[in-house]
Each structure stands twice: as C-alpha cells, then as structure tokens.
Colleague: 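Have a look at this one before I ask anything.
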Amino acid sequence: MLRMSTLFLRTLREVPADAEVASHKLLVRAGYVRRIAAGIYSWLPLGYIVYRNIENIVRDEMNKAGFQEVHFPALLPSEAYEKTNRWQEYGSDLFRLKDRKGGDYLLGPTHEEMFTLMVKGECSSYKDVPLVIYQIQTKYRDEARPRSGIIRGREFVMKDSYSFDIDDAGLAHSYQRHRDAYISTFDRLNLKYSIVSAVSGAMGGSASEEFLAPCDTGEDTYVLCESCGFAANVEAIVTPMAELPTANVPPLEILDTPNTPTIESLVEVLNNEYGGGFTAADTLKNILLMADGEAISVLVPGDREVDLKRLGASLPGIEDLRLFEEGDFATRKELVKGYVGPQDAARLGLRLYADPRVAPNSVWVTGANERNRHARYVVNGRDFQVDQYIEAAEVRAGDTCPKCATPVIIDRAIEIGHIFQLGRKYAEALDLTVLDAEGKQRVLTMGSYGIGVSRAVAAVAEQSHDEMGLCWPREIAPADIHIVATGKDDVPFAKAEEIAEALESIGARIMLDDRRDASPGVKFKDAELIGIPTIVVVGKGLADGTIEVRDRKSGERSDIPVDEVVGYLAALLD
RNA sequence: CGGGGCGUAGCGUAGUGGCUAGCGCGCCUGCUUUGGGAGCAGGAGACCGGGAGUUCGAAUCUCCCCGCCCCGACCA
C-alpha cells in the first residue's frame, strides 16, 4: 500500500521553468520524474511504478508472442561496431569511452551487432531458426538536441527484438508476428496510434512501419486519410502526376518585372501590370541546391516550399543536400538569384528535377534568368525539358490521399514503435551463417523491432491528461484506487484504512492519503494531479452513511453506501 | 551544428551600477482551522552558474567558459 504520509513524493504547484510539453510538465509536477541533465531523468517512486507497469506489459506481450528475453550490457567494446562500420557512421551521437588500458568502448545506442554475434555463437543449423530474441535495455545516444522531457532523451529504455530466419518468407512471417504483438501491446497501453509506412513504396526498400501515437507535441509529422485510414510519413507520400492535354499556348514571352525576387512580389507585379488573376500557384519556383557538391535545379509550384526531407528521400545516394547559399550564387554568376527559370537548365549544365505537380504540358510564369525579368507562357515539354520527376514539394493538409483521393490531414505524433525488415546487412558483415538442409552455408536474414518503453510513459501521459493532471489507464497507473481520508477526527481515517485493507486483500493496488495535516483541498488537488483512475473520498459523507467514488477521467461522482463500497470498487477492477 | 531565449533559496520569480538581494509556494515552531492548493505569529534557507576584467562600488557593465530551454539541421 502506498501511503501519502510516508511516500517519497513532493508535488509541485508551479510548472517547472524548463518544461514545455504536457507530459513533461505533469510528470515533474506530480513527482514522477526529475531532470538530471539534458535528456537524462531520474524516476521517483510513482514514476518508477508506472514505468515498470509499462515495461511489464511490453514484456508480457513479447513472451505471449513466443519471443525470448535476453539481456546485454549497455557498456560494449567497440570491436563489433567497427566491423559493421557503425563506430564511424554513428559519429558524435555515440557515447564513447576508454577503459584503463586505452581500449575503445561505447554505451550501446542499439544492439544489432551484439544480437547477431550472440546468435552466431549459439546457432549453426537451419533447424535453430526461426528465432526471435529481445531485451529491455537502457540505450544511450548523445542526441544533438534532446527535447520534450522524456520523449527524446539521451538515455532511454527500449525494448529491442531481432528475428533470424533462413529466407525472406520466414522474415515476412516474423515481421507479421511482431506487428501483431505490437498491436496487442499498444492496445493494452490504451494508446491511440496509426501504423505508418516509413519508406516510400516507390523506392522499393525493405518493409518498415512506424507506430505513431498522435499528439500535438509529437516530433513526427505524418499524413492521415480519415476516409480510408491510409497513413504515411510525408517522405513516403507519392504525388500523382496530372495528365494534361497539349494546349495551344502563345509563345514564351519575356516580361519586365522590376524588384520581384520573391513569389509574393512577382504575383503583385503580374496582377498590377499583366492582366491580373495570378496567384502563387501560377508561378514556377526554381530552387537551386547543392547535391554532394553538384548544383541541381528543382521545380515546384510557387505556392509550395521544397521539403528537403522528402527531396532527400527521393535522391538516394546523395549524402549532402543543401540549398544554394550566397557563396554558391557568387561562383555561378549566370544563375540570377530570384530570377531563375528552367528554360536554360540544359545550357547551364543543371540537372533539372521537377515535382509531379509540375506536370508535362503545364504552363507557368517563371524567372527569365535575367535580373528584373520573368517569362510567361512557359510550357513544360516545349520550353524546358525535365530530366527526372521526383517528390520535392511539401505535403499539405488537403492534398489528396494516394489511395482514395480524399483530402488528407496532417498530424503530429510520437513514434512509439518501429518494425523493420533489416535483411542480411548485419548477418553478412558479421558472417552469421547456418547450414541448410543440403549442408550449404546460408546467411540468415534479420528483422529488428523497437518499442520506446520509457518514451511510452510520456506518450500515454500526452494522450491521457487534462488541465488538472494525469489520467492513467488502470493497468499502468501507480495504483488502482486512491483513497482520500478527510476530516478532523479519527473516524474517517480509520474507515479509510479499513476499506484500503479490505481492497488490498482482494488484490487491489491502493494509494491511501492518510495525511492528518493536509487540508482536503490539497489532497484533492494531489489526487487529480497524480491521476490514479478511481478516487475514493472518505469524509463528510460518512455522516449519512456514504462514501464518494469519483472517476478521475470523466469526473463522474457517486455516493455509495458505506457497507457496499468495497464490493462496488471491487467490481470496478474486473 | 546554425538561430533565439534563459541561468538569483527545493520550486516559481522581482531586482539594468549604490543601504542588510525582495516576494510567492514549499519547509520548521506554536496557536487556530479541516470538502477544493487555510489563517495568524515567529523562523531557517542564496558565496545571485563559474572565472577573469572595468569600477570607489557589480546579481546588474565587458570578455571567456559551463549549463538549461525552444526553432531548425541531424537522429529514430
């Protein structure tokens, strides 16, 4: 039984100055966590109970799925990570350290290498697979920017599992088993979530899906179709290309457009000087970028920005992609900032990419490659030739769903899980092979699957709170029932104690506010802040033989006769 | 890593060159109070993030460093 009189807990009336998002504010105010350093948090008793409840649900669902738990150290020698090149690739996100002999060590950011080596050591036959093993482990990543309390920390707990199969069909099956287990897990955590394809289907790529829990403060943006349920990362959205007929468009005409380096200023001049009726969507934006040191040109409609993430995802193999800077314009004087058009791309040696919205036969106003001049009646296919169509423009709410053409919404979310068909990358790098039925060496194929366990605490808090405080689902809450005793004399306290013991004897987890020196208001505020799903008030009602039972989430209150209250509460727990 | 903001008691804050650094919450003691963060009285708690400098005098101005938060890049 948790007793407020002795519990190691201090609730805060004021919002801590360093907290911005709801989960962070409330978890600190309610005394669940405290910050140690940027992205590094301690758990206080209530927080650690909640954390373990979530961990146990995750573990339980993994075990039910037939996966086996193992445990690796967080402190690892660099050797395996050097073999897979991640010692270099991970860069400064890796916490590195040396032992007294000067040997290189790291704090594990993820454990693919270690799992692969473990299986290599224990398995040598196709009969040893399929195999799924997992661990619940503290991970370390020296994030450039930890944020949002425990949502993105430098130390965090992740459940990571790995599947090992002899062939692709086996991998697909292991992947599906994980998908099902994740659905059971997140349902049990009472989280609302969408399963989102993480990699563009058009690109081929291995299957990968993210479990995203929608919330305003989430750091992932994704696209959701409320009509057909389609959900995808913005990187994975495919824009259909319109099929426009060849039209009889007047020949390209150069216009004087003084002082119009921006789309906005251009539209204004067009409407004042050239007939009106123009919007930003009629203009063609010609964005110049440096892709691994080479200048490229990307076309998007003037009312859209280039989305560098989407563009990068569409240009595999390009490592360093950035917008043109002043220096780049300075070295290429033929490119006139603010007045670039695609008409001369070929002559200037620029590879010309276009968003599918810039369809063949579409007609535009665009730069004339001369200061203070633009061109109109510029036709794609007649006046310029696109080298390649790629996803480049930002995705916006109201764009049409690639599946059913309904306008989509854009939502923010926290990534709570990720399932990924890894393939043979690690197995090959670390030479993980078994003998098949014909006695030949076969490289195993792997999947990797993660759930952010500590992050899930924050995700549930984000989705389940109100202006008064947290509202935990019962299985996660630090207790089933929060009993508050109020009054001066001993009667309500004795009664509360009696009810608490009766409930505990039937397996209920009880928080009892037995403080004699705190006023009723303080106790109610604390109970609401802490967020145990059922609050029982033993006090004033005793005079007419009743005890008040409140539902934290709905705020519903009912007066239950004293003799029936234990039975009533027991029924709530079933 | 780029941009912005901030650092004063456990928490939230006031104090832009001049008396003993002020207030609220919390904490301690006593009395009163007990169904919505009680009242009164008394009290403890701060080398003002660190260092160097300017000055008769620095929380306050200058420089350097450290730390924290937000936006972006990165990561997943």
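Chain letters run A, B, ... following the sequence lines, proteins first and then strands; every chain starts at 1. All heavy atoms count here, side chains included; hydrogens, waters and symmetry mates do not.
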Colleague: List in chain and number order the residues that pass side chain to side chain contact (heavy atoms under 4.5 Å, CB included) with A:Ala232, two or more places apart in sequence or in another chain; answer none if no residue qualifies.
Modeller: A:Ser197, A:Phe230, A:Ala236, A:Ile237

Colleague: For atom P, what is the distance between B:A46 and B:C11, given to the nearest Å?
Modeller: 13 Å

Colleague: For A:Asp18 and B:C11, give me the distance from atom CG to atom P, rounded to whole Å.
Modeller: 10 Å

Colleague: Should the pair A:Glu548-A:Arg557 be classified as a salt bridge under the 4.0 Å nitrogen-to-oxygen rule?
Modeller: yes

Colleague: Is there a donor and acceptor pair, one atom on the side chain of A:Glu528 and one on the base of B:G36, closer than 3.5 Å?
Modeller: yes

Colleague: Among A:Phe72, A:Phe67, A:Phe420, A:Phe115, which residue meets the ring pair (Phe, Tyr, Trp, His ring centres under 6.0 Å) test with A:Tyr162?
Modeller: A:Phe115

Colleague: Does the side chain of A:Leu94 reach to within under 4.5 Å of the side chain of A:Asp142, using non-hydrogen atoms?
Modeller: no

Colleague: Answer with base, sugar-phosphate or nothing: what part of the nucleic acid does A:Ala37 contact at a heavy-atom distance below 4.0 Å?
Modeller: sugar-phosphate

Colleague: Which part of the nucleic acid, if any, lies within reach of A:Ser448 when heavy atoms closer than 4.0 Å are counted: base, sugar-phosphate only, or nothing?
Modeller: nothing

Colleague: In whole Å, what separates the P atom of B:G35 from that of B:U29?
Modeller: 23 Å

Colleague: Of A:Pro16 and A:Lys540, whose nearest nucleotide on RNA chain B comes first from the 5' end?
Modeller: A:Pro16

Colleague: Under a cut-off of 3.5 Å for both distances of each Watson-Crick or G-U pair, what dot-bracket string does RNA chain B give, using [ ] for crossing pairs and | for inter-strand pairs?
Modeller: ((((((((.[[[[.)..(...]]]].((((((.....)))))).....[[[[[..)....]]]]])))))))....

Colleague: Could you check whether A:Val537 gets within reach of a base, just the sugar-phosphate, or nothing at all, counting any heavy atom under 4.0 Å?
Modeller: base

Colleague: Classify every nucleotide of nucleotides 27-34 of chain B by which part a protein heavy atom approaches to under 4.0 Å, writing B for the base, S for the sugar-phosphate alone and - for neither, in 5'-to-3' order.
Modeller: S------B

Colleague: Taking any heavy-atom pair under 4.0 Å as a contact, classify A:Glu89: base, sugar-phosphate, or nothing.
Modeller: nothing

Colleague: Nearest to the A:Glu14 side chain among B:G12, B:A76, B:C71, which nucleotide is it?
Modeller: B:G12

Colleague: How many whole angstroms separate atom CZ of A:Arg154 from atom P of B:G67?
Modeller: 9 Å

Colleague: Indicate, with a heavy-atom threshold strictly under 4.0 Å, whether A:Ala144 touches base, sugar-phosphate, or nothing.
Modeller: base

Colleague: Please identify each residue that fulfils ring pair (Phe, Tyr, Trp, His ring centres under 6.0 Å) with A:His482, with sequence neighbours left out.
Modeller: none

Colleague: Once you round it to whole Å, what is the distance between C1' of B:G24 and CZ of A:Arg13?
Modeller: 10 Å

Colleague: Which of these, A:Phe8, A:Trp472, A:Trp43, sits in a ring pair (Phe, Tyr, Trp, His ring centres under 6.0 Å) with A:Tyr32?
Modeller: A:Trp472

Colleague: From CD1 of A:Ile535 over to P of B:G35, roughly how many Å is that when rounded to an integer?
Modeller: 17 Å

Colleague: Taking the C1' atom of each, how far is B:U34 from B:U60, in whole Å?
Modeller: 46 Å

Colleague: Base, sugar-phosphate or nothing for A:Glu219? Non-hydrogen atoms, less than 4.0 Å.
Modeller: nothing

Colleague: First locate atom NZ of A:Lys523, then atom CD1 of A:Ile483, and finally report the distance between them rounded to the nearest 0.5 Å.
Modeller: 12.5 Å

Colleague: Regarding A:Arg29, tell me which of base, sugar-phosphate or nothing describes its non-hydrogen contacts under 4.0 Å with the strands shown.
Modeller: base

Colleague: Can you name the residues that form a side chain to side chain contact (heavy atoms under 4.5 Å, CB included) with A:Glu498, not counting sequence neighbours?
Modeller: A:Lys495

Colleague: For B:C23 and B:C68, measure between their P atoms and round to the nearest Å.
Modeller: 31 Å

Colleague: What about A:Arg550, does its side chain sit under 3.5 Å from the base of B:G36 through a donor-acceptor pair?
Modeller: yes

Colleague: In whole Å, what separates the P atom of B:A59 from that of B:G50?
Modeller: 11 Å

Colleague: Looking at A:His111 versus A:Tyr81, is the centre-to-centre ring distance below 6.0 Å?
Modeller: no

Colleague: When you check the gap from the basic side-chain N to the acidic O, do A:Asp526 and A:Arg10 get nearer than 4.0 Å?
Modeller: no

Colleague: In whole Å, what is the span from the NZ atom of A:Lys523 to the P atom of B:G35?
Modeller: 11 Å

Colleague: Could you give the distance separating B:G2 and B:C74 at their C1' atoms, to the nearest angstrom?
Modeller: 12 Å

Colleague: Write down the distance separating the P atoms in B:C28 and B:G45, rounded off to the nearest Å.
Modeller: 16 Å

Colleague: On RNA chain B, nearest-nucleotide positions of A:Ser148 versus A:Glu143: which is more 5'?
Modeller: A:Ser148

Colleague: Rounding to the closest angstrom, what is the interatomic distance between B:U16 and B:G57 at atom C1'?
Modeller: 16 Å

Colleague: I need the CG-P distance between A:Leu9 and B:G10, as an integer number of Å.
Modeller: 19 Å

Colleague: Using a 4.0 Å heavy-atom cut-off, does A:Lys139 contact any base of the nucleic acid, only the sugar-phosphate backbone, or nothing at all?
Modeller: nothing

Colleague: I'd like to check the salt bridge (Lys or Arg N to Asp or Glu O under 4.0 Å) partners of A:Arg34; sequence neighbours left out, ordered by chain and number.
Modeller: none

Colleague: Over how many whole Å does the gap from A:Arg35 atom CZ to B:C69 atom C1' extend?
Modeller: 9 Å

Colleague: So what does A:Gly450 hit on the nucleic acid, given a heavy-atom distance under 4.0 Å: a base, only sugar-phosphate, or nothing?
Modeller: nothing

Colleague: Hey, could you give me the OH/CG distance between A:Tyr140 and A:Asp93, rounded to the nearest 0.5 Å?
Modeller: 16.0 Å

Colleague: Quick one: A:Asp220 CG to B:A73 P, roughly how many Å, whole number?
Modeller: 12 Å

Colleague: By the 4.0 Å heavy-atom rule, please label A:Arg141 as base, sugar-phosphate, or nothing.
Modeller: sugar-phosphate

Colleague: Under 4.0 angstrom, heavy atoms only, what part of the nucleic acid is A:Arg34 near: base, sugar-phosphate, or nothing?
Modeller: nothing

